[in-house]
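All chains are named by letter (A, B, ...) in the order of the sequence lines, taking the proteins before the strands, and each is independently numbered beginning at 1.
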Amino acid sequence: MTALTQAEVSDEIAALADSYAADGVVETQPRLDYAPYRSSLLRHPTKAPVQADPEELEVWAPVFGERDVDPLEADLTIQHAGEPIGERMVVTGRVLDGDGRPVRRQLVEVWQANAGGRYVHQRDQHPAPLDPNFTGMGRCLTDADGWYRFTTIKPGPYPWRNHRNAWRPAHIHFSLFGTEFTQRLITQMYFPGDPLFGLDPIYQSILDPAARERLVATYDHDLTVPEWSTGYRWDIVLTGTHRTPLEDEVES
Amino acid sequence: MIPTPGQTVGPFFGYALPFDDDNRLVPLGAPGAVRLGGRVLDGDGDPVPDAVLELWQTDPEGRVVQQPGSLLREGYGFTGWGRTSTDREGRWSFTTVRPGSSFFAITVLARGLLHRLFTRAYLPDAADDAFLLALPADRRSTLLTTEGEGGYVFDVRLQGDGETVFLTFPRG
């Protein structure tokens, strides 16, 4: 089978965007059935999800403690003998629930490519160099106000064979837990102004432009560290909770 | 507030999400240890070799556990949470205990899957559960585990014949 060109995939993306705009119904999550992302073709459910009233188990989430996560795991630039190559930066923000309450002392996991766009993963065959000083995986617990903070380097874009000459915009994968099982979220954070946004089926699978923007961090000069690193701010909002929050969970 | 959109877990989580003993909620051979496992299959019935499943369950008495230590896995205590990845044949398994409540709560992530999916794997003797009975009869069995392979078997079919029932909750 001949690989599709970017122009053909871009046409598919544009047709779906036009049809979304014409429908006028706002969708805030990606479509699971999004043909321009070829790997989704056989992996999206065809039946609508069934609404369930959460049972007791599902209105609680796993708990991670200070002993589960070493504070040093939040700095992806100190995991090896030397400094990684790339633009050093701080990425920080708050994890909030759907009612704006901070998600406190909960696990945040990140993983990313190195500055050359290469992952430390056997299946990544992109012939960009591995960086012996960069693994690209970090963890932290949010603080009492829901803040997370990582020090890392800016990941590069990389080719991914969805179609001929397909390139992913630079991104950091984020894994988040809330206070309920129902709030689990895995997503990707992007960087402002990436020229690859319009070409990328994964980003464009979120058809609503305002919803897509929620995945883009903001450059924040107040977060830079003088003579050391740039800084980006990205807040994450999980779905709302079903359980009535305990008094000590309510923001005072 | 409007929730942040999800995105696929992608193909390259393998050096980041797995951790030592991630799929062992109790050590192998612990008293009462059972296996919960199965396969993840796509719309052609082919294995999905790059999926992640997370398990969240009550303890044997049916209590929701709020104990840290899932990432440490010190070999004692029970946190109720685990994570595993599928192998080349789409197979996955957890070593755990039989929960006191009627189902295991499961999150499914995979390359090609643009947002996480939630489902429930009910114990074989929970067939008269009210939620199951409210489902169309031909879809109920997709949420029921069967006995076998030293515990409970549960296949996740992302699409097509026998497509697993996936869940949404009132608040999204």
Side-chain angles (χ1 to χ4, degrees), chain A residues 28-32 34 37 39-40 42-47 49-58 60 62-65 67-69 96 98-100 109 111 119-121 123-124 135-137 173 175 181-182 184-188 202 205-206 211-212 214-215 236-242, chain B residues 1-17 42-44 46 48 54 56-58 64-72 79-81 99 101 103 105 107 109-118 120 131 135 139 158-160 163-172:
Chain A
T28 58
Q29 291 293 339
R31 287 220 184 136
L32 297 180
Y34 192 73
Y37 177 29
S39 307
S40 75
L42 289 168
R43 294 184 173 192
H44 70 271
T46 56
K47 297 181 169 63
V50 174
Q51 182 159 309
D53 287 328
E55 299 218 2
E56 179 70 7
L57 171 68
E58 291 159 328
W60 297 89
V63 171
F64 301 91
R67 294 183 60 229
D68 283 305
V69 183
L96 305 169
D99 298 307
E109 296 162 286
W111 70 102
Y119 282 89
V120 182
H121 192 288
R123 283 189 50 177
D124 186 359
T135 302
M137 186 273 171
H173 294 267
S175 161
F181 172 80
T182 63
R184 184 80 176 93
L185 180 67
I186 295 250
T187 189
Q188 302 178 21
I202 293 179
S205 71
I206 305 157
R212 286 199 293 272
R214 294 186 187 108
L215 295 183
I236 300 145
V237 181
L238 307 178
T239 54
T241 58
H242 303 80
Chain B
M1 298 179 80
I2 303 170
T4 304
Q7 292 271 266
T8 180
V9 73
F12 299 136
F13 55 80
Y15 71 96
L17 293 180
D42 72 11
D44 280 345
D46 289 329
V48 175
E54 290 180 350
W56 175 232
Q57 67 164 88
T58 65
V64 176
V65 182
Q66 291 287 279
Q67 291 297 320
S70 292
L71 299 178
L72 272 180
T79 67
W81 184 81
S101 61
F103 64 86
T107 307
L109 308 153
R111 178 178 71 85
L113 184 59
L114 280 155
H115 197 24
R116 84 283 180 274
L117 297 171
F118 296 129
R120 293 175 178 173
F131 177 75
L135 294 173
R139 302 201 69 201
L158 294 176
Q159 188 186 90
E163 184 176 305
T164 301
V165 170
F166 298 104
L167 307 180
T168 181
F169 297 102
R171 300 207 63 195

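Here the closest heavy-atom approach between residue B:L17 and residue A:S175 is recorded as CD2-CB, 4.4 Å. Minimum heavy-atom separation, B:P170 to A:A52: CD-O, 3.3 Å. Heavy-atom minimum distance, B:R111 versus A:S39: NH1-OG, 2.8 Å. The nearest pair of heavy atoms linking A:P45 to B:L113 is CD-CD1, 4.4 Å.
Within a 6.0 Å radius of CG in B:D44, more than 12 heavy atoms belonging to other residues, nucleotides or ligands are found.
Among the candidates A:K47, A:E109, A:E55, the residue making the largest number of heavy-atom pairs closer than 4.5 Å to chain B is A:K47. Of the listed residues (B:G172, B:S101, B:G69), the one with the most heavy-atom contacts under 4.5 Å to chain A is B:G69. The greatest number of non-hydrogen atom pairs below 4.5 Å with chain B, out of A:E56, A:R123, A:H173, is found for A:R123. With chain B as the partner, the residue from A:V69, A:V120, A:L238 showing the most heavy-atom pairs under 4.5 Å is A:V120. Between chain B and the options A:Y34, A:F64, A:W111, the largest number of non-hydrogen pairs under 4.5 Å is found for A:W111. The candidate from B:F166, B:W56, B:F103 with the greatest count of non-hydrogen atom pairs under 4.5 Å with chain A is B:W56. Considering only heavy-atom pairs separated by less than 4.5 Å from chain A, the leading option among B:W81, B:F13, B:F12, B:F118 is B:F12. Chosen from A:A211, A:G240, A:P62, the residue pairing most often with chain B at heavy-atom distances under 4.5 Å is A:P62.
Panel note: side chain B:D42, backbone A:R43; no donor-acceptor pair is recorded below 3.5 Å. Between the side chain of B:Q159 and the backbone N or O of A:T46 there is no donor-acceptor pair closer than 3.5 Å. The backbone N or O of B:P5 lies less than 3.5 Å from a partner atom in the side chain of A:T187, making a donor-acceptor pair. In this structure a side-chain-to-backbone donor-acceptor pair under 3.5 Å is missing from B:Q66 to A:V63. In terms of modelled atom types and a separation under 3.5 Å, the side chain of B:R116 and the main chain of A:R184 share a donor-acceptor contact. Not a single donor-acceptor pair under 3.5 Å links the side chain of A:E58 to the backbone N or O of B:A105.
Identified under the salt bridge (charged side-chain N to carboxylate O under 4.0 Å, His left out) test for residues 163-172 of chain B, with sequence neighbours left out: A:D99-B:R171.
Here the straight-line distance linking atom OG1 of B:T58 with atom CG of A:L57 works out to 6.5 Å at 0.5 Å rounding. For the atom pair CG (B:L109) and CD1 (A:I186), the distance works out to 4.5 Å, reported to the nearest 0.5 Å. With rounding to the nearest 0.5 Å, the separation of CG in B:L117 from CG in A:L32 is 6.0 Å.
Contact annotation for A:I236: both backbone and side-chain heavy atoms come within less than 4.5 Å of a heavy atom of chain B. Proximity to chain A is limited to the side chain of B:V165, based on heavy atoms less than 4.5 angstrom apart. Using a 4.5 Å cut-off between heavy atoms, A:T182 touches chain B through backbone and side chain atoms alike. If you measure heavy-atom distances from A:Q51 to chain B, the contacts under 4.5 Å come from both the backbone and the side chain. Using a 4.5 Å cut-off between heavy atoms, B:F131 contacts chain A through its side chain alone, with no backbone atom that close. For chain A, no part of B:T79 is nearby; none of its heavy atoms comes within less than 4.5 Å. Both the backbone and the side chain of A:H44 come within contact range of chain B, with heavy atoms under 4.5 Å apart. For B:L167, the parts lying near chain A are the backbone and the side chain together; criterion is any non-hydrogen pair under 4.5 Å.
Ring orientation note: the planes of B:F169 and A:F181 are nearly perpendicular, at an angle over 60° on the 30°/60° scale. The aromatic rings of B:Y15 and A:H121 sit perpendicular to each other, their planes meeting at more than 60°, with 30° as the lower class boundary.
Side-chain atoms of A:Y37 and B:T8, non-hydrogen and from C-beta on, do get closer than 4.5 Å to each other. Annotation: side chain of A:L185 is in contact with side chain of B:H115 (closest heavy-atom distance under 4.5 Å). A:R67 is not listed as a side-chain neighbour of B:P68, based on a closest heavy-atom distance of 4.5 Å or more. Annotation: side chain of B:Q7 is in contact with side chain of A:S205 (closest heavy-atom distance under 4.5 Å).
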